**Q** 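Quick one: structure below, then a few questions.
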Amino acid sequence: MKIPFDFNDKTVFIMGGTSGINLGIAKGFAENGASVAVASRSQEKVDAAITELSKSGAEIIGFASDVRDVETLQAGLEMIAEKFGHIDILIAGQAGNFPAKALDMSSNAFKSVMDIDLQGTFNVLRHSYQYLTKPGASIINISAPQAFVPMELQVHVCAAKAGVDMITRVLALEWGGEGIRVNSIIPGPIEGTVGMERLAPTPELESACTDSIPLGRWGTTEDIANCAMFLSSPYADYINGAVIPVDGGWSLGGATIMSKHLIKAISKS
Ligand code: COA
Ligand code: NAP
């Protein structure tokens with residue numbers, strides 16, 4: 001279903017916007033008139049995303065940056081400001097994940113996900129602040145059901161994404177007075193993504209996952225893009241500090257069932 005959004009004259013920056021869900025969000029905004037900037041670690045992925053997104057006819061730019069490296073992030077943000085002047089819509093979607101028991105993780109394994117997901121989200125919001133449209137900016141952090149559903153093999157992601165949603169709430173308070181809205185989207189299992197390749201790597205796990213979703217289907221990147229565009233549209237002008245699951249009801253119970261299947265599968269291998 002195509003919802004008529006109008007983002008002409010709006011600018012969007014998506015950290016981690018070069019693949020999966022975040023590329024789907026970038027596509028949604030580009031196809032509805034926005035100028036879009038994307039960034040991630042791999043220059044190759046940035047170039048491919050620019051080529052793909054440019055098919056919409058929108059102005060697309062990008063740069064390579066590891067969200068843990070504030071210097072390249074700041075340089076990229078300056079480049080966006082030079083080209084676009086300001087950022088109307090900011091999305092922090094970068095993340096890292098692998099399923100592992102706490103005792104099979106080194107301190108550095110835990111830290112790498114905390115640094116990418118949690119510290120990285122702080123870095124993106126903190127350093128983009130000066131370029132945000134005030135009043136009027138919409139910030140969206142891409143969280144996960146692990147933020148409030150404890151899942152085995154996911155201690156790093158659970159801790160990091162819970163923190164991401166607290167960044168959402170605290171900055172909704174701190175920046176709301178300036179007309180900046182900050183919200184989180186919690187995607188459920190989204191088809192064709194690296195995230196789900198890692199959490200449901202076999203046909204058996206895929207089907208267990210489908211069974212655990214109340215709506216009986218995996219989500220699409222369009223489902224998440226639609227929510228991101230709604231949250232950044234005038235229809236959502238009074239939504240601030242919200243954490244919104246777009247997951248077919250999965251986080252109501254299915255995520256826990258799924259983690260039981262995953263732990264069994266990993267123990268066998
Ligand atoms: N089990 C246990 N530890 C693991 C692991 C696994 N499956 N995969 C990586 N690690 C550990 C590494 O051994 C390393 O720890 P060490 O230094 O003590 O050996 C630590 O995690 C960091 O790994 P490294 O590969 O150096 O980090 P990176 O910064 O290059 O990559 C990751 C970050 C590990 C999160 C990587 O999976 C990644 O780049 N992910 C991005 C894509 C993704 O996850 N998409 C899904 C989003 S939901
Ligand atoms: P993905 O395709 O792997 O997307 C992750 C993006 O982040 C990529 O563009 C990646 O590009 C970038 N990235 C990773 N580490 C980075 C770093 N250190 N610095 C900068 N960029 C980095 O994964 P996805 O599955 O679509 O997930 C996207 C988001 O949705 C994540 O926040 C994830 O937690 C969330 N989510 C996903 C699902 C799902 O079903 N897939 C469910 C719930 C939540 P590079 O490799 O080039 O850096």
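From a predicted model like this one, the values you see are computed outputs, not experimental measurements. Remember, it's 1-based here, ligands and their atoms both numbered in the order they're listed. For the single chain, residues carry numbers from 1 onward in sequence order. When reading the values below, keep in mind they use all heavy atoms of this one structure, side chains included, and skip hydrogens, waters and symmetry mates.
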**Q** Got I186 and V243 here, is their nearest side-chain heavy-atom distance under 4.5 Å?
**A** yes
**Q** How about atom 19 (O) of ligand 1: does it have a protein heavy atom within less than 4.0 Å?
**A** no
**Q** Mark whether atom 15 (O) of ligand 1 lies under 4.0 angstrom from at least one protein heavy atom.
**A** yes
**Q** Applying a 4.0 Å heavy-atom criterion (strictly less than), which segment of V46 is in contact with ligand 2: side chain, backbone, both, or neither?
**A**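 Neither part.
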**Q** Are the side chains of R181 and I139 in touch, meaning some heavy atoms are under 4.5 Å apart?
**A** no
**Q** Around atom 42 (C) of ligand 1, find the nearest protein heavy atom and jot down its residue, atom name and distance.
**A** A95 O, 4.0 Å
**Q** Can you tell which of L199, V157, T193 gets a heavy atom nearest to atom 41 (N) of ligand 2?
**A** T193
**Q** Just checking, is any N or O donor in the side chain of T121 or N141 under 3.5 Å from an acceptor N or O on the other one?
**A** no
**Q** Side-chain donor-acceptor pair under 3.5 Å between N97 and Q154, yes or no?
**A**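 Yes, side-chain donor-acceptor contact under 3.5 Å.
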**Q** Under 3.5 Å between any N/O of P145 and any N/O of ligand 2: does that happen in this structure?
**A** no
**Q** Considering P187, A49, A39, which one's heavy-atom position lies nearest to atom 43 (C) of ligand 2?
**A** P187
**Q** Establish, yes or no, whether a centroid distance under 6.0 Å links the rings of F13 and F63.
**A** yes
**Q** Given that the side chain starts at C-beta and the backbone is N, CA, C, O, which of these parts of D104 lies under 4.0 Å from ligand 1, counting heavy atoms, or is it both or neither?
**A** backbone
**Q** Near S65, which atoms of ligand 2 are under 4.0 Å from a heavy atom of that residue?
**A**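 Every atom of ligand 2 under 4.0 Å from some heavy atom of S65: 19 (N), 20 (C).
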**Q** Any side-chain heavy atom of W218 within less than 4.5 Å of one from I190?
**A**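 Of all side-chain heavy-atom pairs linking I190 with W218, none is under 4.5 Å.
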**Q** If I apply the N/O under 3.5 Å rule, does G16 come out as touching ligand 2?
**A**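 So ligand 2 has an N or O lying under 3.5 Å from an N or O of G16.
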**Q** Would you kindly say whether S143 and S184 are connected by a side-chain donor-acceptor distance under 3.5 Å?
**A**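 Per modelled atom types, S143 and S184 side chains form no pair under 3.5 Å.
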**Q** Output the list of atoms in ligand 1 that are nearer than 4.0 Å to some heavy atom of S106, sorted by atom number.
**A** 15 (O), 16 (P), 18 (O)
**Q** Apply the test side-chain contact (heavy atoms from CB on, under 4.5 Å) to residues I21 and M196: give CA-CA distance (whole Å), side-chain angles for both, the deciding distance (0.1 Å), then the verdict.
**A** CA-CA 11 Å; I21 291 175; M196 285 316 291; over 6 Å; no
**Q** May I ask you to say whether E222 pairs ionically with K27, meaning some side-chain N is under 4.0 Å from a carboxylate O?
**A** no
**Q** Heavy-atom distance to atom 18 (N) of ligand 2: which of D66, I21, I14 wins?
**A** D66
**Q** Using a 4.0 Å heavy-atom threshold (strictly under), name the region of K45 that reaches ligand 2: side chain, backbone, both or neither.
**A**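 K45 to ligand 2: side-chain contact only, backbone stays beyond 4.0 Å.
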**Q** W175 vs Y129 aromatic rings, parallel, tilted or perpendicular, using cut-offs 30° and 60°?
**A**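 Tilted: the ring planes of W175 and Y129 meet at 30° to 60°.
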**Q** Please classify the A109 to ligand 1 contact at 4.0 Å (heavy-atom distances, strictly less than): side chain, backbone, both or neither.
**A**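 Both parts.
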**Q** Side chain or backbone, does G17 bring an N or O within less than 3.5 Å of an N or O on ligand 2?
**A**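 Checking ligand 2 against G17, no N or O pair falls under 3.5 Å apart.
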**Q** Which one holds for R68 and ligand 1: side chain close, backbone close, both close, or neither close, with close meaning a heavy atom under 4.0 Å?
**A** side chain
**Q** Does the side chain of L23 come within less than 4.5 Å of L53's, by heavy atoms?
**A**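 L53 reaches L23 side chain to side chain.
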**Q** Could you tell me whether K101 and E152 make a salt bridge, using a distance below 4.0 angstrom between a side-chain N and a carboxylate O?
**A**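 Looking at K101 and E152, the cut-off is not met.
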**Q** Would K161 count as a contact residue for ligand 2, given that I'm defining contact as a non-hydrogen atom of the residue lying under 4.0 Å from a ligand atom?
**A** yes
**Q** Looking at ligand 2, would P189 count as a contact under a 4.0 Å heavy-atom criterion?
**A**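 Heavy atoms of P189 do come under 4.0 Å of ligand 2.
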**Q** Test N8 against N32 for side-chain contact (heavy atoms from CB on, under 4.5 Å), laying out the working first.
**A** CA-CA 7 Å; N8 279 297; N32 286 282; over 6 Å; no
**Q** Any idea which of S19, G195, P245 brings a heavy atom closest to atom 8 (C) of ligand 2?
**A** S19
**Q** Taking only heavy atoms of A95 into account, list the atoms of ligand 2 that are under 4.0 Å away from them.
**A** 7 (O), 14 (C), 15 (N), 31 (C), 32 (O), 33 (C), 34 (O)
**Q** Quick one: look at I142 and ligand 2, take heavy-atom pairs under 4.0 Å, and tell me if it's side chain, backbone, both or neither.
**A** both
**Q** Closer than 4.0 Å and a protein heavy atom, does any atom meet both conditions relative to atom 24 (P) of ligand 1?
**A**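 No.
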**Q** Can you tell which part of M105 has a heavy atom less than 4.0 Å from ligand 1: side chain, backbone, both or neither?
**A** neither
**Q** Counting heavy atoms only, which of M196, R41, E197, K161 comes nearest to atom 38 (C) of ligand 1?
**A** R41
**Q** Can you check whether a protein heavy atom sits less than 4.0 angstrom from atom 2 (C) of ligand 1?
**A** yes
**Q** With a cut-off of 4.0 Å, which atoms of ligand 2 are near a heavy atom of S42?
**A**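 Atoms satisfying the 4.0 Å criterion: 47 (O).
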**Q** Is I61 close to M79 at the side-chain level, that is, under 4.5 Å between some pair of heavy atoms?
**A**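 A side-chain contact under 4.5 Å exists here.
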**Q** Do the non-hydrogen side-chain atoms of I25 and N22 ever get within less than 4.5 Å of each other?
**A**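 Result yes, sub-4.5 Å side-chain heavy-atom pair found.
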**Q** Taking 4.0 angstrom as the limit and counting only heavy atoms of G20, give me the atoms of ligand 2 inside it, by number and element.
**A**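 Under 4.0 Å from G20, ligand 2 has these atoms: 2 (O), 26 (O).
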**Q** Evaluate D223 against T220 for side chain to side chain donor-acceptor pair (under 3.5 Å), listing each step before the verdict.
**A** CA-CA 5 Å; D223 289 323; T220 63; 3.2 Å; yes
